[in-house]
Asker: 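Structure below; questions to follow.
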2 protein chains.
Amino acid sequence: MEVKKPTLVLLVDDDIDVLGAHSRFLRLNDIDVIVAESSATALQRMQESDIDIIVTDLRMPESNGIEFAQQARLSRPLIPIIFFSGYAQVRDIVAAMKLGAVEFLEKPIDPDELLEVIGALQKSHYGSLSNSRKAFDGLADEYPLRMRVLAYEKYLIESAIVQSNGQIGLVLEALQVNRRTLNDKMSKLGISRDALLGDTNQ
Amino acid sequence: MEVKKPTLVLLVDDDIDVLGAHSRFLRLNDIDVIVAESSATALQRMQESDIDIIVTDLRMPESNGIEFAQQARLSRPLIPIIFFSGYAQVRDIVAAMKLGAVEFLEKPIDPDELLEVIGALQKSHYGSLSNSRKAFDGLADEYPLRMRVLAYEKYLIESAIVQSNGQIGLVLEALQVNRRTLNDKMSKLGISRDALLGDTNQ
DNA sequence: TACTTTTAGGCAATAATTTGCCTATCAATA
DNA sequence: TATTGATAGGCAAATTATTGCCTAAAAGTA
């Protein structure tokens, strides 16, 4: 298929060993990693680089993962965040999930599990979708409601198409939408199945 | 403001004692309660009555609370669900929250805490905006496109109302939408201006 | 090649949404 | 009390969306 920009993960933990081990593992699996040993550093890294996914420890010395996530969300409202922690309290997990965490992993992290979660995110939210995602994610407040809703709908449809690897039958099932309706929406929203799948003949 | 229909809670647990104690307590606090001792019964009750909030145990003999919630969501995609459980596994809590649970309480339930959560939900239909946000952001992949788009639209409108501090004129300007259209959408999506602003005269 | 599967557009009936116009309520105030 | 401003609902016309039925092109397969 097409050449994709690799996923860039921001890994945050105060434990250098954890950072080292997991970042090595992720890089071996073709995932770019930027590490940060504190939430302050992490926020700075977010300014410098276009992070796709945040993976952060819940418990850190200075500010905890929840506070960091809240800060991070200010600049990137919908960025996927994966939390991990050992001995987490129920209220911590609930707080993390309420913040819209994508996943909450128990420490010690199973590298394969982490990879799997990231892989699922790549498929569903990112990859070739980054443009579309930005289209609705970043669509500023001043845009009309209708436009913003349509941008989101476009993003959802594009996500489903990429996830289904272009098989429209699966998309119809996933979105539970009439085939005729989907075709009309795609045409109206300017969604091209071929372009999404990186068709080189486009 | 206007007279509201009292909140109707569906309380689900296989333990009759729990049902009795908590339903009594809630009723003492002016909250209508329908109880169900199994998920099958609960689903039936949902057909019979217009439930506002579901409060369910995570662990039950036949089907567990997650499965029940999934079933319930089929007919009421955005209904607020509060889970409770003792000795919950991290993965259970995460699964519950991913389903869009409003809250996850530990057993034994502190009645005041439950009351507080329900009170917060009464104030704003889906709880705080963050919950509404969850309703669209976290609305799992398996939900129909239509529902997910509506959830997002609801979130946008609620955000705009809160941002404008309830002044509909400002909302109309911000969303660039026809006044009549906004009113219709609010009514259809179950958005209450008063509730969003925490109107205490309800 | 012939057959099947997948995808997609044309068209029309039906359903839903949008919107302007009118009215009504409520609160604040002259 | 009368008036004004903000909010909402009823209604109906105009517009748009949905969907089933039909056809057809393209890709894959026997």
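Sequence lines set the chain letters: A, B, ... in the order given, protein chains first and strands last, and positions in each chain run from 1.
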Asker: In whole angstrom, give the distance that lies between atom CD of B/Glu153 and atom C1' of C/dT17.
Answerer: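 Result: 11 Å.
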Asker: Give me the first and last nucleotide of DNA chain D, going 5' to 3', that has any atom under 4.0 Å from a heavy atom of chain B.
Answerer: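 Reading along DNA chain D, I get D/dT7 to D/dC11.
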Asker: May I have the distance from B/Leu189 (atom CG) to C/dT18 (atom P), rounded to whole angstrom?
Answerer: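 To the nearest whole Å, that distance equals 10 Å.
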Asker: Could you give the CD1-to-P distance, from A/Ile161 to C/dT7, as a whole number of Å?
Answerer: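 Rounding to the nearest Å, CD1 of A/Ile161 and P of C/dT7 are 11 Å apart.
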Asker: Expressed in angstrom and rounded to an integer, what is the separation of A/Lys185 atom NZ from C/dT17 atom P?
Answerer: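 Spelled out: NZ on A/Lys185 to P on C/dT17 is 11 Å.
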Asker: Taking the nucleotide of DNA chain C with the closest heavy atom to each, which residue, B/Arg146 or A/Ile168, is nearer the 5' end?
Answerer: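 Closer to the 5' end of DNA chain C: A/Ile168.
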Asker: When the distance from CG of B/Asn183 to P of C/dA24 is rounded to whole Å, what number comes out?
Answerer: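 After rounding, the reported distance stands at 17 Å.
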Asker: Return the value, rounded to whole Å, for the distance between atom CE of A/Met186 and atom C1' of C/dT7.
Answerer: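 Checked: the CE to C1' distance equals 10 Å.
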Asker: Short question: side chain of B/Asn29, backbone of B/Ile31 - any donor-acceptor pair under 3.5 Å?
Answerer: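 It does not hold such a pair.
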Asker: Between B/His22 and B/Val55, is the side chain to side chain contact (heavy atoms under 4.5 Å, CB included) condition met? List the steps.
Answerer: CA-CA 10 Å; B/His22 290 296; B/Val55 180; over 6 Å; no
Asker: For B/Asp92 and B/Ser85: C-alpha separation, side-chain torsions, deciding distance, then whether side chain to side chain contact (heavy atoms under 4.5 Å, CB included) applies.
Answerer: CA-CA 10 Å; B/Asp92 291 332; B/Ser85 178; over 6 Å; no
Asker: Short question: side chain of A/Ser23, backbone of A/Gly20 - any donor-acceptor pair under 3.5 Å?
Answerer: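 Side chain of A/Ser23 to backbone of A/Gly20, a donor-acceptor pair under 3.5 Å: yes, one is there.
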Asker: For A/Lys107, is there an ion pair with A/Asp15 - N to carboxylate O distance below 4.0 angstrom?
Answerer: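 A/Lys107 and A/Asp15: not salt-bridged.
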Asker: Counting heavy atoms not belonging to B/Arg91, are there more than 12 under 6.0 Å from its CZ?
Answerer: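 Incorrect, the count does not exceed 12.
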Asker: Respond yes when some side-chain nitrogen or oxygen of B/Lys188 is under 4.0 Å from OP1 or OP2 of C/dT17, and no when none is.
Answerer: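 Yes, B/Lys188 has a side-chain N/O under 4.0 Å of OP1/OP2 on C/dT17.
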Asker: Report the distance from atom CZ of A/Arg180 to atom P of C/dC11, rounded to the nearest whole Å.
Answerer: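 Taking CZ of A/Arg180 and P of C/dC11, I get 11 Å after rounding.
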Asker: Starting at atom CD of A/Gln167, determine the distance to atom C1' of C/dA8, rounded to an integer number of angstrom.
Answerer: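 It is 16 Å, rounded to the nearest whole Å.
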